[in-house]
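Hydrogens, waters and symmetry mates are skipped; everything else that's a heavy atom, side chains included, is used.
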Number of protein chains: 2
Amino acid sequence: MNQISEKVASTKGPKGKRTQDDIVYEHIFDAILEQRLAPGTKLNEESLGEIFGVSRTIIRRALSRLGHEQVIVLRPNRGAVVASPTLEEAKQIVFARRVCERAVTELVVDNAPASQIEQLKKLVQEEQDCFAKGDKGSGIRLSGEFHLKLAEMANNPPLLNFQRSLVSQCSLIIAQYEKNGEKSHCSYDEHYELIDAIKNRDKELAVKLMMHHLDHIEHKLSLDDEPSPDDLRSIFSNVLGEK
Amino acid sequence: MNQISEKVASTKGPKGKRTQDDIVYEHIFDAILEQRLAPGTKLNEESLGEIFGVSRTIIRRALSRLGHEQVIVLRPNRGAVVASPTLEEAKQIVFARRVCERAVTELVVDNAPASQIEQLKKLVQEEQDCFAKGDKGSGIRLSGEFHLKLAEMANNPPLLNFQRSLVSQCSLIIAQYEKNGEKSHCSYDEHYELIDAIKNRDKELAVKLMMHHLDHIEHKLSLDDEPSPDDLRSIFSNVLGEK
DNA sequence: AGTGAAAATTTTGTACACAAATAGGCATTC
DNA sequence: GAATGCCTATTTGTGTACAAAATTTTCACT
């Protein structure tokens, strides 16, 4: 059975200490952020094990971690499925995210050094490029990573953790409740505006922009959509392709 | 090897569907909330397995869950230890808790039905009884459960999850930074005052009381600033400087 | 004694085998 | 024809064996 390929889409921390289950975790996490894994999709342990070339033990650890972040639901004796929040749950998640993002924004305005704000800008440029190139999946993921980077800059690990869980859940919500025709991402224009407000240390404006930003997500939660179960193998073809 | 005894100290949900690793998780979690497990304590997988009469597989799952809640630290290839937050980490945790508790308090004032507020009162009475009887451990745990119950009443599962992690981490902080002579718990008087404010739907007062409540925890952090004499790194942090 | 390397022991990481639970098909019954 | 119960195939849950890593002990040498 072949090993996992080293490459992974998301940010690989400078310390290359990622273990096998980290890699599996990140692949699934990214697939969800990029909306390649639809809400409700069943995650079979053995299939995943074959796809990633590891035993079920490793898959199980990754799933358990995703389960704790509420990104997937672990049903005892019935396996894991990608979470598909109800409308009410979705509203609760967005509310929680408002709470978290407000705190993060205030911390960043107060404390983040200018150098990090520049890094933020680069991330948004990358995001913009992806949408320009038509790589919608990566664009959506980078949009989420923008918010994670903000939380990182807030320099508060508990909030960062919370944010990670919320951002990925919001990705699921967008995937589930968005009409196919509409533009599906929080627009990078708004990210640029936010960066400017932060750079000018205008806390009130920054928070206002952030809340406005979240209004867009919440606004979409009025109409329904039907998720379609996908084939695990095709979603993770990037893993198999490396051998 | 005998099985796990069914009884467990904490709230047993009405659906008795707790599995073995839930039970192990709850036992360790309670031990931390009751401050019977000191920060820094090594958690050996095999020893725990013998104690609870289950295999390492189960222990591992419980530890992984505790690790995700940041209550213990999982060091790759080196096992798990009860978290012992540094002063800076402690402040970050308390800050995050302010964010969470503020949101929770506002939600509860706005939405919680009177019947649940009555249940809260009973919980505080129980807490008071424990301290009166000298059962400090249970008192501290119930004090934490008061705050968890509040988060439950906020009817927002993501916030409840976050709160669970923060309350237990705060328990660790108190265990670690408190001077032995001082009274060690958030006093139930304050809990009673808070309940009254909630009952009167006085949001501003309720939030003010809650923040005041958290001030007490934070106040202890500034007085005492030398946690563990064995941590060379913090002692020589000035030498290492900012990387 | 003090130092450092190497062996021995302990502890964690991973795979796998088997047990338990679940889901789906099929026949039987009303 | 729908409902019920049994049987089988699949999937998840748990224990255990062995591999890999870290820790401790031993011991030779200065």
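Look at A:Lys42 and you won't find any side-chain N or O under 4.0 angstrom from OP1 or OP2 of C:dA23. Using a 4.0 Å cut-off, no side-chain N or O of A:Arg60 falls inside it from OP1 or OP2 of D:dT12. The phosphate of C:dA15 has OP1 or OP2 within less than 4.0 Å of a side-chain N or O from A:Ser55. Within the 4.0 Å cut-off from OP1 or OP2 of D:dT23, at least one side-chain nitrogen or oxygen of B:Arg78 is found.
The distance from the CG atom of B:Leu33 to the CD1 atom of B:Ile140 is 9.0 Å, given to the nearest 0.5 Å.
Distance B:Arg75 CZ to C:dG13 P: 10 Å, rounded to the nearest Å. Distance CD (A:Gln20) to C1' (D:dA20): 12 Å, rounded to an integer number of Å. To the nearest angstrom, P of D:dT11 lies 14 Å from CG of A:Leu63. Atom CD of A:Glu45 and atom C1' of D:dT14 are 12 Å apart (whole Å). A straight line from CG of B:Asn44 to P of C:dT9 spans 18 Å, rounded to a whole angstrom. The separation between B:Ile59 atom CD1 and C:dG13 atom P is 14 Å, rounded to whole Å. Atom CD of B:Glu50 and atom P of C:dT11 are 10 Å apart (whole Å). In this structure, the CG atom of B:Leu48 is 17 Å from the C1' atom of D:dG15, given to the nearest Å.
The side chain of A:Asp21 has C:dT14 as its nearest neighbour among C:dT12, C:dT14, D:dT12. Of the listed nucleotides (D:dT11, D:dG13, C:dT12), C:dT12 has the atom at the smallest distance from the side chain of B:Glu46.
With respect to B:Asp21 and B:Arg60, no salt bridge is recorded, no charged nitrogen being found less than 4.0 Å from a carboxylate O.
Using the six-membered ring where Trp is involved, A:His27 and A:Phe52 have ring planes that are tilted, between 30° and 60° apart.
For residues 149-173 of chain B, the salt bridge (charged side-chain N to carboxylate O under 4.0 Å, His left out) pairs, not counting sequence neighbours, are B:Lys149-B:Glu152. Counting only residues at least two apart or on different chains, no salt bridge (charged side-chain N to carboxylate O under 4.0 Å, His left out) pair has a member in residues 77-87 of chain B.
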Identify the pairs formed between an N or O of the protein and an N or O of nucleotides 17-21 of chain C at a distance under 3.5 Å, and give each distance.
{"residue": "C:dA21", "atom": "O3'", "partner": "A:Asn77", "partner atom": "ND2", "Å": "3.4"}

Do any N or O atoms of the protein come closer than 3.5 Å to N or O atoms of nucleotides 5-7 of chain D, and which pairs are they?
none

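At distances below 3.5 Å, at least one donor-acceptor pair connects side-chain atoms of A:Gln163 with backbone N or O atoms of A:His147. The backbone N or O of A:Gly79 sits nowhere less than 3.5 Å from a side-chain atom of A:Glu45 that would complete a donor-acceptor pair.
Qualifying ring pair (Phe, Tyr, Trp, His ring centres under 6.0 Å) partners for B:Phe146, counting only residues two or more places apart in sequence or in other chains: B:His191. For the side-chain hydrogen bond (donor to acceptor under 3.5 Å, both in side chains) test, no residue two or more places apart in sequence or in another chain qualifies with A:Ser168.
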